[in-house]
Amino acid sequence: MDSNNNKQTLLRMLPGVDHILEIARAESFFDDIPKTVLVPSIRSVVEDLRTRILDGSLYITENSLSDTQILKNVKKQAHRAMTPNLLKTINATGVIVHTNLGRSLLADVAVENLITISKRYSNLEFDLAKGKRGSRYSCVEDILCEISGAEAGMVVNNNAGAVLLCLDTIAKEQKVIVSRGELVEIGGSFRIPDVMAKSGAILKEIGTTNRTHLKDYEKAIENDTGLLLKVHKSNYSVVGFTAEVSLGDLVELGAKYHIPVMEDLGSGTFVDFSKYGMIKEPTVQESVATGADVVTFSGDKLLGGPQAGIIVGKKDILDKIKQNPITRALRIDKLTLAALESTFRLYRDEEKAVKSIPTLRMLTLPIDKIEIKASRLNNMLEKMENSRLKMKLINLSSRAGGGALPLLDLPSKCLGVQVEGISVNVVEKFLRENSPPIIGRIEEDFFIMDLRTIQDDELPLIVDAFNNLLKQA
Ligand SMILES: *Cc1c(COP(=O)(O)O)cnc(C)c1O
């Protein structure tokens, strides 16, 4: 049979969508699949076969056109369509605040509060004492002031929003002085100059990339200077011949000329990490105590809470910020607020915070605990029957991530795995597409998993994934 004839024969054998729909109806698997999912799934499988017949794809045999085979593919397609796109994922990268993998895991109490508030009505904007309309921000303001030492505080959707809102409120149509060494771009294309352009403020760059002095700030001050801005160099570091002006000196300068001073801390933390043997990251309390008029930071970076932008500072400025109409567009959602309030409350007791906030727990996890976890996973994988796995324990470094502590190497223990007969790229892809996905990295032909960011209850899931890999390949 020549290929054209063959194609015609195969096309004639290709069943219609209605026929497949009819036989699908008889199978209980499809009982819970809505027609709006089932029909497009059938259509896509049939269309795919038609295309492959027409382009002469070798893999098409009469068997691939059987009802059973088509139905099997429709099941796969329908299952995929019924699975949510946002999936619980295992972070084996060792990057703790991994923006692509959802940044922070919430503490249990934060999750519990989020669930409680989501299922019921709440006093979100209702003042229970006065019996009338209240403010959505008031539930976190007291605790925020308590743990930061600030006079006032509020929260918005994220820190990019917080920065935009502050600049627009404080320095609309006025100049904002920023050091060239601090014109940062963080992931997701947040650039200080761009945000400034979107707010009504005008950027006034001073100094050089590596060195900026107090006199540079002072020389740049003019009548229309509205703000001195300090941006924490969160995801990079300038080393070598460098000079930057401290927040304290800027506060003094601001006081002399009656110009407010703002600090964007980026990550923002209430914990002094140098106590735990890590590099010092300026804390929120220190910035407030130094006298910054406004301090902004993220809720889901080192703080370990939900996505949010937090603003603390002097009451008169915060009052103005709260009245800016842009706040409405950056409004924080009630579920976030519930999780954020619970997270803030944990910081009343630092020891408790470090134990119960996953981000802090992973950051301060002692190396021996990581080693134990690594050996456990190693043993579990070794025990697998007729396994073709080769393992090695490796000393590598984890990272804080989320644009925080860029110079910090956190010594960690990783498990590298090779699978006999399967290339490491195939292993990586299989695990990435597993349910749940496992995200690691490849180094020297090994699939590397950093145990610091793998949760204890995820170890059996990793073993299952390798089992499935060996079964399929
Ligand atoms: C991360 C970061 C931001 C943005 O914070 P989001 O909460 O991601 O919006 C702004 N400024 C700095 C310095 C940052 O590191």
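Just follow the structure's listing: the first ligand is 1, and inside any ligand the first atom is 1.
Within the structure, ligand 1 has Asp264 among the residues with a heavy atom less than 4.0 angstrom away. For Gln307, the heavy-atom gap to ligand 1 stays at 4.0 angstrom or more.
At under 3.5 Å, a nitrogen or oxygen of Ser298, whether backbone or side chain, sits near a nitrogen or oxygen of ligand 1. Ligand 1 has no nitrogen or oxygen under 3.5 angstrom from a nitrogen or oxygen of Asp300.
Remark: Lys230 engages Glu244 in a salt bridge, criterion side-chain N to carboxylate O under 4.0 Å. Between Asp293 and Lys314, at least one side-chain N (NZ, or NE/NH1/NH2) sits under 4.0 Å from a carboxylate O, which counts as a salt bridge. Under 4.0 Å is where a charged nitrogen must lie from a carboxylate oxygen, and between Arg80 and Glu433 no such pair does.
The side-chain contact (heavy atoms from CB on, under 4.5 Å) with Ile439 is formed by just one residue from the set Thr89, Leu431, Ile90, Thr453; it is Thr89. Just one residue in the list Glu281, Glu351, Glu350 forms a salt bridge (charged side-chain N to carboxylate O under 4.0 Å, His left out) with Lys275, and that residue is Glu350.
Atoms of ligand 1 lying under 4.0 Å from any heavy atom of His232, numbered from 1 in the order shown and given with element: 13 (C). The atoms of ligand 1 that sit less than 4.0 Å from any heavy atom of Ala160 are 4 (C), 5 (O), 6 (P), 9 (O). Short contacts between ligand 1 and Arg103, defined as distances under 4.0 Å to a heavy atom of the residue, involve ligand atoms 6 (P), 7 (O), 8 (O).
A cation-pi arrangement, defined by a distance under 6.0 Å to the six-membered ring centre and an angle within 45 degrees of its axis, is absent between Lys132 and Phe126.
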